[in-house]
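Per chain, numbering begins at 1; letters A, B, ... match sequence-line order.
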Amino acid sequence: MKLVSWNINSIRQRHEHVQAFLTKEQPDWLFLQEIKCQNEQFPKETFEEMGYQVIVHGQKAYNGVAILSRHPYQLNHVVLPDLNEEEPQARYLEIESQGVILCNLYLPNGNSGGEEGFQRKLHFINALIKRAETLLINKQDCIFAGDFNICPTDQDFAPKTLSENDALIRTESRNGFYRLLWLGLTDALRALYPTETLYTFWDYTRGAWQRNAGLRIDHALLSPKMAEQLKSFTIEKSERDKEQPSDHVPIIIEF
DNA sequence: ATGCCCCCAAACTGGGGA
């Protein structure tokens, strides 16, 4: 079983990258974040022709998430249950497929919109914690994967890439991430690579890719049984070398 | 030294977001 998560930074700009990637990797599921389009604008047919079912939760211009699935599925949520009334942004998509609850998420960055913008990030994390709690209490196999916009520790960002009050490394953001772990979820990458310095994102500016000035902000958190079955975690860095790449690369999780 | 990229609105450039 193979799951991929990829912040694509506009599906309309990079649908060909995704197509080539799917042909090569043939994942069971692909989580996409930052598709940056409305549902009607998503190139559904392209992927349906490749044998994928396409579930899109988009919005105009920004954000937006989608899941491509090679298996039958049930749609669970397009908004985190705890945010229902107050969430205007397309940042969450949850399905059940092959007996596993699959949660695709795109957390607010939290650096824009001042303190209020940062609070929205914390609200999202709290709603995520609530959702994880519910699923784990009910003993459901689940995977939370996506762009968390959080560097869990100081090892997860290159020196001098972030200021000390950046929303990606603020204590409140990190505590939210740790609370998810304390609930019993496993950080899949750290389960296999406890000490290596590894990144999933490199800024377009300042030659960040060439200098390896990256961040680890794309994560996969696994419920206990999924963690037992974890076989490999691959950061597909080759995608960052392609023409007009996304600033994030895919993370491939195999069970 | 923000050296990039994407989106949109209203234009052939600027602002916002990341």
Side-chain angles (χ1 to χ4, degrees), chain A residues 5-21 31-43 46 56-66 83 86-93 104-125 128 145-152 156-170 172-174 176-177 199-219 235-251:
Chain A
S5 172
W6 194 1
N7 179 321
I8 198 64
N9 187 19
S10 172
I11 189 65
R12 286 177 290 175
Q13 293 297 318
R14 269 173 275 285
H15 57 94
E16 286 174 350
H17 293 63
V18 175
Q19 247 182 301
F21 178 84
F31 290 5
L32 293 169
Q33 302 91 35
E34 282 207 89
I35 59 171
K36 293 188 171 176
C37 69
Q38 290 163 301
N39 292 359
E40 319 80 74
Q41 299 172 306
F42 193 95
T46 307
V56 188
H57 181 212
Q59 67 173 89
K60 196 174 182 177
Y62 304 116
N63 310 317
V65 285
L83 292 180
E86 35 177 318
E87 179 58 283
Q89 301 189 322
R91 295 179 171 278
Y92 189 75
L93 187 54
N104 177 10
L105 59 108
Y106 173 47
L107 246 104
N109 176 295
N111 281 311
S112 67
E115 195 52 29
E116 199 189 308
F118 184 62
Q119 287 307 317
R120 279 200 296 276
K121 177 176 196 165
L122 299 185
H123 275 126
F124 193 104
I125 298 175
L128 205 56
D147 178 358
F148 283 67
N149 270 315
I150 299 171
C151 303
D156 299 313
F157 65 97
K160 287 182 254 179
T161 47
L162 300 174
S163 69
E164 68 180 55
N165 59 348
D166 192 289
L168 275 58
I169 55 172
R170 268 176 68 168
E172 299 94 318
S173 309
R174 284 177 165 177
F177 190 86
Y199 306 130
T200 64
F201 164 97
W202 294 263
D203 200 291
Y204 289 120
T205 65
R206 288 168 279 182
W209 170 242
Q210 287 72 18
R211 297 188 293 118
N212 192 29
L215 312 172
R216 187 173 78 96
I217 51 180
D218 301 276
H219 308 294
I235 299 173
E236 196 51 65
K237 288 174 77 174
S238 64
E239 287 293 334
R240 194 63 180 75
D241 265 328
K242 300 242 163 93
E243 290 289 309
Q244 301 283 96
S246 169
D247 39 10
H248 297 248
V249 299
I251 55 173

J.: Does B/dA18 have OP1 or OP2 sitting under 4.0 Å from an N or O in the side chain of A/Arg91?
T.: yes
J.: Take atom C1' in B/dC12 and the same atom in B/dT2, then report the distance between them in whole Å.
T.: 24 Å
J.: Using whole Å, report how far CG of A/Asn7 lies from P of B/dC5.
T.: 16 Å
J.: Given atom CZ of A/Phe118 and atom C1' of B/dG17, what is their separation to the nearest angstrom?
T.: 17 Å
J.: To the nearest Å, how far apart are A/Gln244 CD and B/dC5 C1'?
T.: 8 Å
J.: For A/Ser173 versus A/Phe118, what's the shortest heavy-atom pair and its separation?
T.: OG-CE1, 3.4 Å
J.: Rounding to an integer number of Å, can you tell me how far A/Asp247 CG sits from B/dG17 P?
T.: 17 Å
J.: Hunt down any stem DNA chain B takes part in, defined as 3 or more consecutive Watson-Crick or G-U pairs whose two distances are each under 3.5 Å.
T.: B:5-9 with B:13-17
J.: A/Gln13 has a side chain; which of B/dC4, B/dC6, B/dA18 sits nearest to it?
T.: B/dC6
J.: What is the minimum heavy-atom distance between A/Ala213 and A/Ala158, and which atoms define it?
T.: CA-CB, 3.6 Å
J.: Are OP1 or OP2 of B/dG3 and a side-chain N or O of A/Thr205 less than 4.0 angstrom apart?
T.: no
J.: Work out which heavy atom in A/Asp147 is nearest to a heavy atom in A/Asn149; give both atom names and the distance.
T.: OD1-N, 3.0 Å
J.: Does a side-chain N or O from A/Arg14 land closer than 4.0 Å to OP1 or OP2 of B/dC5, or not?
T.: no
J.: Is there side-chain contact between A/Lys121 and A/Glu172, with at least one heavy-atom pair below 4.5 Å?
T.: no
J.: So which heavy atom on A/Trp202 is nearest to which on A/Gly214, and how close?
T.: CD1-CA, 3.5 Å
J.: Starting from C1' on B/dC6, measure out to NE2 on A/His17 and report it in whole angstrom.
T.: 14 Å
J.: Under 4.0 Å, heavy atoms only, any strand: does A/Phe201 hit a base, just the sugar-phosphate, or nothing?
T.: nothing
J.: Would you indicate which nucleotide in B/dA18, B/dC6, B/dC5 comes nearest to any side-chain atom of A/Tyr106?
T.: B/dA18
J.: State which residue, out of A/Ile235, A/Asp241, A/Asn7, fulfils the side chain to side chain contact (heavy atoms under 4.5 Å, CB included) condition with A/Val249.
T.: A/Ile235
J.: Mapping A/Asp203 and A/Ile35 to their closest nucleotides on DNA chain B, which lands nearer the 5' end?
T.: A/Asp203
J.: So does A/Lys60 get a side-chain nitrogen or oxygen closer than 4.0 Å to the phosphate oxygens (OP1/OP2) of B/dG17?
T.: no
J.: Classify A/Arg211 by what it touches in the nucleic acid, base, sugar-phosphate, or nothing, heavy-atom distance under 4.0 Å.
T.: nothing
J.: Could you tell me how far B/dA11 sits from B/dA1 if I compare only their C1' atoms? Round to whole Å.
T.: 29 Å
J.: Distance check needed: B/dC6 C1' versus A/Ile11 CD1, whole Å only.
T.: 14 Å
J.: If the cut-off is 4.0 Å, is A/Arg120 near the phosphate of B/dG17, judged by side-chain N/O to OP1 or OP2?
T.: no
J.: Would you name the heavy atoms of A/Phe177 and A/Pro152 that are closest together and state the gap between them?
T.: CE2-CG, 3.5 Å
J.: Nearest whole Å is fine: how far is B/dC7 P from A/Tyr62 OH?
T.: 10 Å
J.: Could you pick out which residue, A/Arg206 or A/Pro245, lies toward the 5' side of DNA chain B when each is mapped onto its nearest nucleotide?
T.: A/Arg206
J.: Applying ring pair (Phe, Tyr, Trp, His ring centres under 6.0 Å), name anything that partners A/Phe21, two or more places apart in sequence or on another chain.
T.: A/Trp6
J.: Taking B/dG16 as the reference, what is the distance to B/dA10 when you measure between their P atoms (whole Å, please)?
T.: 14 Å
J.: Find the distance A/Asp166:CG to B/dA18:C1' and express it as a whole number of Å.
T.: 11 Å
